[in-house]
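Lettering of chains follows the sequences in order, A, B, ..., and the numbering in each one begins at 1.
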Amino acid sequence: MAERPEMPEAWPHTVADAEAEQERLRPFVDLADPGPETVRYVAGLDVAYEGQDEGDRLTAAVVVLDARTLDVVDQVVVRERARFPYVPGLFAFRELPPLLTALDRVRITPDLLVCDGYGLAHPRRFGLACHVGVLTGLPAIGVAKTAFVGRYDIPASERGAWAPIVERDEVVGRALRTRTGVKPVYVSQGHRISLDNACRHVLRLTPEYRLPEPIRLADRLSRSGVPAA
DNA sequence: GCGACAG
DNA sequence: ATCTTGTCGC
């Protein structure tokens, strides 16, 4: 199953429908592709909220950077109402609509997507990073700020140190230290990239802060809501 | 059954 | 996610 899935007839609006959609799309995830050795353009994706549950406004931001210099080469902001409530394990149905619209409006097609959240390290092995990857066909990585599923040992304190995240005897991701002495981030495969390569790219994209530049900048943009300011 | 639970 | 002051440290 290496092809692209068909888009759903209607966007899921119930927990049952959303879970069924994840099950339908999961087979399309490619975890065998090692992913790109080098990347030209990388996109960071993130969403900011105003309210708290359904019916609230949210702002999605996609920032495209030159992977080598980390200079911003393009950025898009999309603001709209949430179509799904926040449910752990299903939040892609909340953030995906505006993110896909934003990705569609980006002028420079990225070679890699860095998402704020999980990929494989998900209850049904289909987190946001897998979902975006499958729908766009682009390599995708999930980078989360807090633990979700699985167990892991605390990695050594030096930047670059890591420990596998294991759930049901399966390695679903890694707790990766991006800054010495700072809480690690949680990396997992989304689509078309190996876990080793994903972590390699994440470290390369994180020269100064805890979070990779693509996500850090997308987070900043989603909050300001102004692509130019 | 109860608690925990990406953003 | 968001609500929020001061404070420790490079």
Q: Answer with base, sugar-phosphate or nothing: what part of the nucleic acid does A/L128 contact at a heavy-atom distance below 4.0 Å?
A: base

Q. So do the side chains of A/R125 and A/C130 get within less than 4.5 Å of each other, counting heavy atoms only?
A. no

Q | Whole angstrom value for the distance that separates P of B/dA6 from CD1 of A/I215 | A | 16 Å

**Q.** Length of the line joining A/F126:CZ and B/dA6:P, which is rounded to integer Å
**A.** 19 Å

Q: Provide, to the nearest angstrom, the distance between the CZ atom belonging to A/R179 and the C1' atom belonging to C/dC10.
A: 9 Å

Q.
Nearest whole Å is fine: how far is B/dA6 P from A/L58 CG?
A. 18 Å

(Q) Below the 4.0 Å mark, does C/dA1 have OP1 or OP2 next to a side-chain nitrogen or oxygen of A/R223? (A) yes

Q: Would you indicate, yes or no, if B/dG7 has its OP1 or OP2 atom less than 4.0 angstrom from a side-chain nitrogen or oxygen of A/T146?
A: yes

Q: Please check if any side-chain donor atom of A/Y152 sits under 3.5 Å from a side-chain acceptor atom of A/Y186, or the reverse.
A: yes

Q) To the nearest angstrom, how far is A/Y86 atom OH from B/dA6 atom C1'? A) 5 Å

Q: Just call it for A/A48: base, sugar-phosphate, or nothing, with non-hydrogen atoms closer than 4.0 Å on any strand.
A: sugar-phosphate

Q) Counting any heavy atom closer than 4.0 Å, what does A/L45 reach on the DNA or RNA strands: base, sugar-phosphate only, or nothing? A) nothing

Q) Would you call A/E213 and A/R220 a salt bridge, taking side-chain N to carboxylate O under 4.0 Å as the test? A) no

Q: Can you measure from CD (A/Q189) to OH (A/Y118) and round to the nearest 0.5 angstrom?
A: 14.0 Å

(Q) Can you see if the side chain of A/K145 gets near the phosphate of B/dA6 - specifically, an N or O under 4.0 Å from OP1 or OP2? (A) no

Q: Write down the distance between OH (A/Y152) and C1' (B/dA6), rounded to a whole number of angstrom.
A: 13 Å

Q.
In whole Å, I'd like the distance from the CG atom of A/L211 to the P atom of B/dA6.
A. 16 Å

(Q) Any base atoms under 4.0 Å from A/G89, or only sugar-phosphate, or nothing? Heavy atoms, all strands. (A) base

Q: Answer yes or no: is there an ion pair linking A/D219 with A/R223, defined by an N-O contact shorter than 4.0 Å?
A: yes

(Q) Rounding to an integer number of Å, can you tell me how far A/R124 CZ sits from B/dC5 C1'? (A) 12 Å

